[in-house]
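Numbered from 1 within each chain, the chains take letters A, B, ... in sequence-line order. These numbers were taken from a predicted model, which means no experiment stands behind them.
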Number of protein chains: 2
Amino acid sequence: MGASVTSRALAVLGAFDAEHRSLSLTDLARRADLPLATAHRLVGELHRWGALAREPNGDYVIGRRIWQLGLLAPVQSGLRQAASPFLHDLYGTTLSTVHLAVRDGLEVLYIERLAGHVSVPVVSRVGSRLPMHATGVGKVLLAYAPEEVRVEALRHLTRITAYTITQPARLLEQLRRVRAEGYATTGEEMSLGACSVAVPVRHGDTVVAALGMVVPDLRRQLPRLVSALQVAAHGIGRTLAGSASVQWK
Amino acid sequence: MGASVTSRALAVLGAFDAEHRSLSLTDLARRADLPLATAHRLVGELHRWGALAREPNGDYVIGRRIWQLGLLAPVQSGLRQAASPFLHDLYGTTLSTVHLAVRDGLEVLYIERLAGHVSVPVVSRVGSRLPMHATGVGKVLLAYAPEEVRVEALRHLTRITAYTITQPARLLEQLRRVRAEGYATTGEEMSLGACSVAVPVRHGDTVVAALGMVVPDLRRQLPRLVSALQVAAHGIGRTLAGSASVQWK
DNA sequence: GGCTCCTTTCCGTTGAGCGGAAGAGGATTA
DNA sequence: TAATCCTCTTCCGCTCAACGGAAAGGAGCC
């Protein structure tokens, strides 16, 4: 068991997520799986430092200090900056929700998003993670991921909607097609009523991110969307190549 | 001395700032004032959890996990959202650098910024802190801060440029004027060649933030800028009042 | 090879962290 | 008013995890 103080402190921080932005001490202890007295001590220290803040009602939230640190993370700097104008362009011409994601471990991490007005149920948020096998950007990232990642990811194809692909063979076949055709699609595999298209963003010849779009229906406009996405992805890639030092593993 | 494990782990995180986004283990140990072996162990744990990431060259940077957590911090949600459109409007009509800041302890914390092309040396960044007595937004926030904050802040008027105000009496007089006239100005007090104007942003009748602008010269256009800022600040305040639950202490 | 600088591993000692338990505060119910 | 049920905070003696000096392992340079 991770019983080190550090891991416990981190477990406290890890108790927060998009659905739990504010937690009482007791909740925090429960979610971090710590004895109350221990949680109390850790939380106190985190609070004193500014990693946590208290709301008027006494609940804890992530503090400004963490927010500041987060801004220093390189997730954003290079890629987000480079992508920003292209995302805006894309949004301008398609008026659909567009987003940019990277692979983090076996999940997709959304690092930028522009939300459309259109009424499509969009589950992604900036900073949220989703499984790779049920999202457009995920399929792209998986298609170009190292072999061992793909193998591992195929072992956990959890069902989300009735349309989620849960057979490894079928997904593998799709990934082969993604590589061949240069784009991925989904049809209500993550949430009903939402389809998506995505293309890889390259820096040199490695795929560093995926650029995706969510729409209510694909059939009519697929070619148009794919080419718009590819143009944008190309532009982002060019910007990246042009900028000074970029650091992806 | 802060010798607790938690405080040491936090010291490691605290070693990062805008000027030190990437640090080697040795640097990290030096900056956090920890023995190398200790730093090594802590950094290892932080890295394993995702609080830190490694660059190709082995240096450490803030990891994605922290970035994600930062997005959950309430600093942004309410205020930033409410302010965003007004900042864009302001930028559109003035084409100057505009920014939004809150008070955090005895410093100003910039939470949003739109940078102009104009060649003015702007030192603020989103997430950075600056002293209150040498910035426009700082003077505003100080003018409306609780008495004890003002007393404490006046004890450390460190000189930054030749124009920085370092006499408590002079600053107090200015703060009185800020309250009377509803805006604050600076003239090269933070960096040479940069002047600023700022106004308070109110939520109900408490000042929750300050809205500021940086320009090369104020004399010509002061009234115009002040009224533009005040209109925007008002708008933000109204949006805040309208939105559901807002949590500032 | 010999040097310097950085990273990683080892391991015996010791004091910081642990957490059950008890107390304090507050809200709701009877 | 007292009883009940929360969650939060403090206490304190035991123990095991964290500590860090030292030494080994790399990597790069002259």
Side-chain angles (χ1 to χ4, degrees), chain A residues 1-17 19-63 65-66 72 74 245 247-249, chain B residues 1-17 19-63 65-66 72 74 245 247-249:
Chain A
M1 280 254 167
S4 78
V5 198
T6 313
S7 69
R8 287 168 175 219
L10 293 173
V12 168
L13 293 180
F16 292 91
D17 64 29
E19 285 77 43
H20 302 86
R21 290 169 175 249
S22 118
L23 295 166
S24 71
L25 177 62
T26 315
D27 292 341
L28 223 32
R30 224 192 317 278
R31 287 177 58 86
D33 194 26
L34 293 173
L36 208 88
T38 305
H40 181 256
R41 193 164 16 86
L42 288 175
V43 163
E45 255 178 308
L46 291 169
H47 179 227
R48 222 162 299 127
W49 189 76
L52 297 180
R54 300 196 82 161
E55 296 200 313
N57 67 21
D59 283 4
Y60 291 92
V61 291
I62 296 292
R65 205 73 181 265
I66 295 283
L72 302 177
S245 69
Q247 62 305 52
W248 337 97
K249 62 164 179 189
Chain B
M1 279 253 168
S4 78
V5 198
T6 314
S7 70
R8 287 167 175 218
L10 292 173
V12 168
L13 293 181
F16 291 91
D17 63 29
E19 284 77 44
H20 302 87
R21 290 170 176 249
S22 119
L23 295 166
S24 72
L25 178 61
T26 316
D27 292 341
L28 221 33
R30 225 191 317 276
R31 287 177 58 86
D33 194 25
L34 292 173
L36 230 130
T38 305
H40 181 255
R41 193 164 17 86
L42 288 176
V43 163
E45 254 178 306
L46 292 169
H47 179 228
R48 222 162 300 127
W49 189 77
L52 297 181
R54 301 196 81 163
E55 298 200 311
N57 67 21
D59 282 5
Y60 291 92
V61 291
I62 295 293
R65 205 73 182 265
I66 295 283
L72 302 177
S245 70
Q247 62 304 52
W248 338 98
K249 61 164 178 188

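Counting heavy atoms from C-beta outward, B:Leu34 and B:Arg8 have side chains that approach closer than 4.5 Å. Contact annotation: the side chain of A:Glu45 approaches that of B:Ser7 to within less than 4.5 Å [non-hydrogen atoms, C-beta and beyond].
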Which side-chain N or O atoms in residues 23-32 of chain A pair as donor and acceptor under 3.5 Å with protein atoms at least two apart or in another chain?
from: A:Ser24; atom 1: OG; to: A:Asp27; atom 2: N; distance (Å): 3.2
from: A:Ser24; atom 1: OG; to: A:Asp27; atom 2: OD2; distance (Å): 3.3
from: A:Asp27; atom 1: OD1; to: A:Arg30; atom 2: NH2; distance (Å): 3.3
from: A:Arg31; atom 1: NE; to: A:Ala15; atom 2: O; distance (Å): 2.8
from: A:Arg31; atom 1: NH1; to: A:His20; atom 2: ND1; distance (Å): 3.4
from: A:Arg31; atom 1: NH1; to: A:His20; atom 2: NE2; distance (Å): 3.3
from: A:Arg31; atom 1: NH2; to: A:Ala15; atom 2: O; distance (Å): 2.8
from: A:Arg31; atom 1: NH2; to: A:Asp17; atom 2: OD2; distance (Å): 3.3

Item to check | Full working for side-chain contact (heavy atoms from CB on, under 4.5 Å) between A:Ile66 and B:Leu72 | outcome: CA-CA 10 Å; A:Ile66 295 283; B:Leu72 302 177; over 6 Å; no
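Mapping A:Asp59 and A:Val5 onto DNA chain D by nearest heavy atom places A:Asp59 closer to the 5' end of the strand.
What you find for A:Pro74 and B:Ile62 is that their closest heavy atoms are CD-O, 3.2 Å. Nearest heavy-atom pair, A:Leu46 versus A:Ala9, reported as atom, atom and distance to 0.1 Å: CD1-O, 4.0 Å.
Across residues 34-42 of chain A, A:Pro35, A:Ala37, A:Thr38, A:Arg41 each have a non-hydrogen atom less than 4.0 Å from an atom of DNA chain C (numbered order). For DNA chain D, the neighbouring residues in residues 23-30 of chain A, judged by any heavy atom under 4.0 Å, are A:Ser24, A:Leu25, A:Thr26.
Annotation: side-chain hydrogen bond (donor to acceptor under 3.5 Å, both in side chains) contacts of A:Thr38 (sequence neighbours excluded): none.
A distance-only check finds a donor-acceptor pair linking the side chain of A:Arg65 to the backbone of A:Trp49 [under 3.5 Å].
Bounding nucleotides for the chain B contact on DNA chain C, 5' to 3', at a heavy-atom distance below 4.0 Å, are C:dC6 to C:dG17.
Considering only side-chain N and O atoms, B:Arg8 lies nowhere under 4.0 angstrom from the phosphate OP1 or OP2 of D:dA18.
Going from atom CZ of A:Arg54 over to atom P of D:dT7 covers 14 Å, rounded to whole Å.
Note: A:Leu10 CG to B:Arg48 CZ = 10.5 Å, rounded to the nearest 0.5 Å. Residue A:Leu52 holds its CG atom at 11.5 Å from OG of A:Ser22, rounded to the nearest 0.5 Å.
Defining each end axis of the helix from C:dG1-D:dC30 to C:dA30-D:dT1 as the rotation carrying four pairs' C1' atoms onto the next four, with five pairs an end, the two axes are found to diverge by 40° to 10 degrees.
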